[in-house]
Amino acid sequence: MSALVIVLVLLPLVGATVCGVLVKGGRDATARSAGFAVSLVELVLVAVIWGLFDPSAPTRFQGESSVEWIPAFGVSFALGLDGIALAMIALLAVLVPIVIAYTSFTRAAERFPDGPDGEPRGAGGFVALMLSLQGVLVALFAATDVFVFYVMFEVMLVPMYFIIGRFGGARRQYAAVKFFLYSFLGGLIMLGSVIGIYVASGTRLGAATFDWAELQRLAAQLPESTQIFLFLGFFAAFAIKAPLVPLHTWLPDAGAQAPIGGGVILVGVLDKVGVFGFLRYCLPLFPLASQTLAPLVLVLSVIGVLYGALLAAMQTDMKRFVSYTSIAHFGFIGLGIFAFSQQSVAGSALYMVNHGISTAMLFLVVGMLAARGGSTQIADYGGVGKIAPVLAGLFLVAGLTTLSLPGTNSFVSEFLVLLGSWPREPVYTVIATVGIIFAALYVLWVYQRTMTGPLRGEAVVGGGPGAATARALAGGPGFSDTVDTDPPDATRRARFGDLSGREIGVLAPLVLLIFLLGFFPQPVLDVINPAVSATMSEVGVADPVGPNGVAR
Amino acid sequence: MGSQSFSDALGVDYGALAPLLIVLGGACVSVLLEAVLPRVRRRSVQLVFSLAVVVVALAAVIIRATSGAGDVVVLAGSLSVDAPGLFLWGTLLALAVPSVLMLADRSVEPGGVFVADPEALAEAQERVGAGSLRSTSSGLPSGTGTDTHGVVGRRGGAGPEPTTPPEMHTEIFPFVLFALGGMLAFSAANDLLTMFVALEVLSLPLYLLCGLARRRRLLSQEAAVKYFLLGAFASAFFLYGVALLYGYAGSVRLADIAASAAGPLRSDALLFAGLALLVVGLMFKASVGPFHTWTPDVYQGAPTPVTAFMAACTKVAAFGAILRVFTVAFGTTALEWRGVLWAVAIASMVIGTVLGITQTDLKRMVAYSSVAHAGFILIGCLAITPAGLSGTLFYLLAYGFTTIAILGLVSLVRSGDGEAGHLSGYAGLAQRSPVVAAALSFCLLALAGVPLTSGFTAKFAVFSAGLADGMAPLVIVGLVCSAIAAFFYLRVIVLMYFSDPAPDGPTVSLPGPMTTVAITLGVAVTLLLGVLPTAALEWAGAGTFLG
Amino acid sequence: MTTTIGEAIGFWILGPVALAGGLGMVFSRNAVHSALWLVLTMLSLGVIYMLQAAPFLGFTQIIVYTGAIMMLFVFVLMMVGRDASDSVVEVLRGQRVAAAVLGIGLAGLMIGAVAQSVGVPLAAGAPSGSNVGGLGLLVFQRYLLAFELTSALIITGAVGAMVYTFAGRAKSKAITQKERVAERLRGPLEKFGSRSGPGVFATADSVATPALLPDGSVAPESLSAIIEATARERLGHATELSRPGDEHDTAAHSHHAERGEIQGSQT
């Protein structure tokens, strides 16, 4: 299994190199197919590892491997999986092929900005960057060495920076730089803490090390004051990445300017690194500080829930809307983690997976809509359900999973978080519950404005910027038969085709997962739970929720 | 008294001294070659000879370092050949190889940077047809070397009159070797007097080299004069400091100063006044903090290959000397003076970062970034621990190669009348020349300290040493400054990748083999030290200074 | 170590004189005066050395610095011209005041540091043996490396001076009359026919362009009777005297002027 984990890291990187070479050679289409194939192989590998993963194993990590990297700093390239990391890697492995397929094989993929030759940039470069990002992210989730984690934490910015900067929307430069600088600043603050814990391990353990397990052992010896300083360094980086509210301003820009595929991975997986960091690094390595500072994080989380929801409702741009809903969801995840109960933490871990799926769904549907209308402004659409019923239906599904309707995946995790948080943090839980109402409000309002009612909006009926694209999409002989029945409506309809088979194919796995995890979350919970219990025992807080799920 | 016993009394260990003797001897021979050889053959012979000297000296250093020979003090205690000293020598010589290659290159500019007579060259080319030259300067889309066109043009219109190849100041080779010899002696000097003379030996050729760009004569000579005047001023400070320290300890030997400071109690006024003046001189050379005022002008005005040599090698030598002085002579009194140097380090980091943001010329930006980096390196120097020593040494190695690569790349981007220094010239570079843009981005990321580049490993080594020695505030300032500095490195990357090139923007010259090798070496080492730094780190941490 | 009365008297006379010489050097406007002030300082220092029982050093100081180096200075000044003086315009506002304050502050610090240590016996002891022998031992044993390194400094200085002074124009091979004619006939930029002699200011040498008098007005006798009208017309637009059509001529002339200048500087 350890060999498989290493392959898991290397395969996307090799694939990215191959794609890069193919793109350089001018074979964009081959590059896209090769990239898609690589991502599928990666998915199969993850499935195999998932099968091999033993939830009842006594060790914290499985499939561990370690190669000495910089002995002078006590660094080794150490990989290993716990349940949460495996879940995140699996999420990534599911999303990457979908994103690549969406970008490469559907005509709904948005037009990339022009390259040097005046033609839009081919998707091959995007696929190569996406695969390299996947490799880095897998290494990041699987790292059991703090140094390796830090390195990957910074390196992942580079492909994402280029994804936003090269393939993004009109203000992509600004968004890319803002994204990079925010994250880099956070990373450097974290570097201070990484160095700090390294130095502390040198003085207290005898030999300075970056090994996660060793550092976890160190946690018992560190005085609380030191822990607080080190915790804050890590926390700053993760709070920017997650993002918690005062540090969130880069996300709406990056989310809105990134290409749809980039946005899916950015919000769906890359931001999870922040909350993953809370779970894997902040809590186990600095247990005392985590407990002391928990109110701070809880306050920020709850503010995030309400603020994100309110701002989401106010947005006029659909991509920004999706970004703000994510900020609200990250608030829930933060609440669950720092409520310190088995249920809430497990709920948060599950939420990380579910939010990835639902955000991906929402982003992709928005992308398909925007590819037709040529605009991401909410005001440009209206009554889309009449002319594109399938699209509207899937938009509704995406919206419902975002507002955590029972039966969809998000419900399970949100419920677990609130249930687990209640015994210890009733006040925060009550406030956060208000966020659910807001969620229903903003999702349904957007749906109502864009999908229902009479046909309206510049993108739907006017000569909007997307008219040409839409004609190209809807072209083909099959359309002629509708023209003579209802001429005025048909001209509109000609602008705006419904989803094609390929687009439905891209969304189908996500819809499947949304309902599957909505009804049977147990397989994922089984994998997550051991890691959650381990984290709880590392924090050393008594679980306020009894084994039967009732508060003590 | 036979010669054998004489050399014994002096402690002439030729094995230990070999690198220094080879370089200085090579420099003298190089001057002779200058006198003996006919003009047309000088350049190639000098180039091969200088490279051979540097490589042989490097080999001598490596042999010495791997032979396990112990640390020795030679020449009656004036030179200390110890493990860190050997690392510094190795670094200097390794950095000299790409520097010499870049200095000798003539492919980027017709006749090279050091062409003796640009007007004559321009005239010769004008004679054979103004048309072909114009077409190159107005700029073909990408990757067309100016020189190839020049050659074609010359051949096309030459007719019966063979144009002589433009002459170059081949004296730069002995200058570089002398400067290198001075640097070797400077970083290994065991007494302050030798250190002072070595400082002059390394400085004078650099002053001269700075003023030798005849194409941009005024800028170049202004840089040389500025560097010379301020350098002389700093030397005076250094010398005054030496005098005071001699008054204090009765000796200029580093170890004696430490012994005096540890001896019976007496007024330390002379000691610290001497240290202060000494530090001014040293910090000037290393372009640290408030003593940096020469750096931007000189970096910008000097010929780019000289800037590269200066930025990389001078920094190594100066910080080598700073490390040695701090550790050997003032290590015992560190607690008393370190606070002042904290302020210097903070000033350096803040000045370099804040002023770096406002720059619009890439070479000036590199200059300010070097000031900021000097502040980072100083953190390592102030931690008078083995970790601080090895971290600083590693930082110097890493920074040197990255800087050389950056300046090599800068020299390739040219508009009609020379290098396109202004940032706007870099707009859309990735479309004109993806390879150059990628390499430059990589090096800038290394300067910013992104992991998997040498810059990160180096920063990590220095900062962890600083933190372990109780300098948490300094490390925090360093981290914040790194974050701010990332902004101006990124700005260049943004320009290169996400902006549209100006239609009359600069072209990217196709580098000749020598510049290519230099740049490749710089980029490769930057990557290698980022991914697999173990060997270098181990060598850097192999030993401590010999008292 | 005790100080004899004679030594003390000598020091207290020569010290202020040396100091005055230094100040005089810095503050005198005339370069020659500066040099002479410096001579005064060096002479005083030489004598102080002798008073301190270092006659060799004292004489070396006088012979080398005062005799050789200062004379070089004065020679250079003689060639450059003694009235070459610095600009006294202050570029940065308040720079002098700041420099003065900071300089005096630094001096105060230094004096304080030294004064504080005067009471403490300094560590240096008198060298044993003879003056010259002691120096020789120091130079050729203790500081052999520094001494040898100095040679590198001198070589660099010499080569550098040559590079900077002789780097004007590369010596091209002598061009014969025949080659020159051939060049002029073949080359694209040169003009046929003779050109104005050196020292004549002319933007064109056609008959249609009148000569100019030193005050810029037209010399009446140079106006051609036959093409007077043309000349008048052109004179009406003074700017046209150097219109693009005359480019070759301008180029040729600037070329001329430059060559003349460089030759001049070499002689």
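Bear in mind that the values here come from a model prediction, so they are computed numbers and not experimental data. Residue numbers start from 1 in every chain, and the chains themselves are labelled A, B, ... in the order their sequence lines are given, proteins ahead of strands.
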Nearest heavy-atom approach of A/G192 to B/L479 is CA-CD1, 3.3 Å
Taking atom CD as the centre, does A/Q221 end up with more than 12 heavy-atom neighbours from other residues, nucleotides or ligands that are less than 6.0 angstrom away? yes
Residue B/A387 versus chain A: region with a heavy atom under 4.5 Å: neither
Quick one, B/L452 and A/V151 - any side-chain contact, counting heavy atoms below 4.5 Å? yes
If you take all heavy atoms of B/S464 and A/I195, which pair is closest and at what distance? CA-CG2, 3.1 Å
Comparing A/T203, A/V75, A/L188, A/L157 against chain B, the one with the most heavy-atom pairs below 4.5 Å turns out to be A/L188
N/O donor-acceptor pair under 3.5 Å between A/W69 side chain and B/V531 backbone: yes
Identify the two heavy atoms, one from A/L185 and one from B/A483, that lie closest to each other, and give their separation to 0.1 Å. CD1-CB, 3.2 Å
Any pair counted as ring pair (Phe, Tyr, Trp, His ring centres under 6.0 Å), so long as it reaches residues 441-466 of chain B, sequence neighbours left out: A/F73-B/F460, A/F147-B/F456, A/F147-B/F460, A/Y150-B/F456, A/Y198-B/F460, A/F210-B/F460, B/F376-B/F463
Under a 4.5 Å heavy-atom cutoff, which of A/V177, A/I189, A/V199, A/V158 has the most pairs with chain B? A/V199
Minimum heavy-atom separation for A/V155 and B/P451, please, with both atom names. CG2-O, 3.7 Å
Distance check, rounded to the nearest 0.5 Å: B/L445 atom CG versus A/Y161 atom OH? 8.0 Å
Under 4.5 Å from a heavy atom of chain A, the part of B/T457 involved: both
Residues of residues 490-497 of chain B contacting chain A, heavy-atom criterion under 4.5 Å, by residue number: B/L490, B/I493, B/V494, B/Y497
Per-residue contact mode, B/I484 against chain A (heavy atom under 4.5 angstrom): neither
